[in-house]
Amino acid sequence: QVQLVESGGGLVQAGGSLRLSCTASGRTFSTHAMGWFRQAPGKEREFVAYIQWTAGITYHSDSVKGRFTISRDNAKNTVYLQMNSLKLEDAAVYYCAASGVLTTDPNYYYSWGQGTQVTVSS
């Protein structure tokens with residue numbers, strides 16, 4: 001089992017930046033990829049980005065491409081989501097998750113963090 005703990009959420013003005021962190025513990029050797037998802041009130045969970053744990057291959061959704069960057073620090077078992085040029089529509093609870101495959105489908109992610117709230121004000 002992999003345990004995930006997110007941090008770094010908060011309140012930011014539109015156009016501002018935040019960096020989210022997700023630290024993994026437990027059976028991390030079974031993890032092939034880490035992903036970030038988000039869920040706004042009344043909406044389905046949405047894929048944001050993933051990173052392949054060893055080679056660092058990344059993929060970002062079209063809605064965040066060019067503004068958000070996923071990265072990882074293997075030594076710290078930590079994945080980051082740098083969010084720049086934040087928009088009102090980026091407000092959501094952000095979750096990190098662990099997967100055995102490289103995918104945007106949340107159904108393939110077997111461990112999830114508790115989520116961290118990102119609020120964007122105008």
Side-chain angles (χ1 to χ4, degrees):
Q1 188 74 352
V2 177
Q3 291 80 43
L4 303 172
V5 178
E6 301 109 333
S7 62
L11 172 64
V12 64
Q13 280 192 323
S17 299
L18 278 176
R19 188 177 81 157
L20 306 183
S21 301
C22 173
T23 300
S25 61
R27 295 172 61 88
T28 57
F29 58 85
S30 64
T31 299
H32 180 68
M34 295 290 292
W36 284 99
F37 294 80
R38 65 187 183 186
Q39 189 166 20
K43 295 188 176 181
E44 293 188 353
R45 192 164 294 191
E46 174 191 12
F47 167 79
V48 175
Y50 67 51
I51 186 164
Q52 198 268 344
W53 196 245
T54 53
I57 298 168
T58 63
Y59 178 75
H60 299 77
S61 69
D62 288 343
S63 62
V64 306
K65 197 170 295 181
R67 300 187 299 120
F68 291 11
T69 303
I70 189 171
S71 63
R72 92 279 191 225
D73 184 332
N74 292 41
K76 295 182 179 180
N77 280 346
T78 299
V79 175
Y80 304 97
L81 185 68
Q82 178 66 44
M83 307 186 294
N84 298 328
S85 302
L86 281 159
K87 303 177 180 179
L88 294 177
E89 53 263 41
D90 293 320
V93 177
Y94 283 71
Y95 300 89
C96 69
S99 173
V101 297
L102 211 55
T103 179
T104 63
D105 187 341
N107 293 310
Y108 286 88
Y109 286 78
Y110 55 80
S111 288
W112 292 81
Q114 81 286 356
T116 186
Q117 178 73 50
V118 172
T119 303
V120 183
S121 65
S122 58

Over all heavy atoms of both residues, which pair between [X] and [Y] is shortest? Give the atoms and the distance, please.
X: S99; Y: Y108; answer: OG-O, 3.2 Å
X: S85; Y: R67; answer: O-NH1, 3.0 Å
X: S7; Y: T116; answer: C-OG1, 4.3 Å
X: T69; Y: H60; answer: CA-NE2, 3.4 Å
X: V48; Y: L81; answer: CG1-CD2, 4.1 Å
X: G115; Y: V93; answer: CA-CG1, 3.8 Å

**Item:** Sidechain-backbone polar pair: T78 side chain, K76 backbone, donor-acceptor under 3.5 Å
**Value:** yes
Would [X] and [Y] show up in the same hydrophobic cluster when neighbours are defined by side-chain heavy atoms closer than 4.5 Å?
X: W53; Y: L4; answer: yes
X: I70; Y: V2; answer: yes
X: F68; Y: V120; answer: yes
X: Y95; Y: F47; answer: yes

**Item:** Residues R38, V64; criterion side chain to side chain contact (heavy atoms under 4.5 Å, CB included); working and verdict
**Value:** CA-CA 11 Å; R38 65 187 183 186; V64 306; 3.9 Å; yes
**W112-F37 aromatic ring centre distance below 6.0 Å** = yes
**Request:** Could you walk me through whether S61 and T104 pass side chain to side chain contact (heavy atoms under 4.5 Å, CB included), step by step?
**Result:** CA-CA 9 Å; S61 69; T104 63; over 6 Å; no
**Request:** Apply side chain to side chain contact (heavy atoms under 4.5 Å, CB included) to the pair E46 and S63, showing each step before the final yes or no.
**Result:** CA-CA 10 Å; E46 174 191 12; S63 62; 3.3 Å; yes
Once rounded to the nearest 0.5 Å, what's the spacing between atom [atom1] of [X] and atom [atom2] of [Y]?
X: Q39; Y: E44; atom1: CD; atom2: CD; result: 8.5 Å
X: Q3; Y: T23; atom1: CD; atom2: OG1; result: 12.0 Å
X: Y94; Y: E6; atom1: OH; atom2: CD; result: 12.5 Å

**Prompt:** Do S17 and N84 have side-chain atoms, one donor and one acceptor, less than 3.5 Å apart?
**Reply:** yes
**Selection residues 62-122 - residue pairs positive for disulfide (SG to SG under 2.5 Å), sequence neighbours left out** = C22-C96
**Message:** Quick test of your reading of the model: are D90 and K87 salt-bridged, counting only N-O distances below 4.0 Å?
**Reply:** no
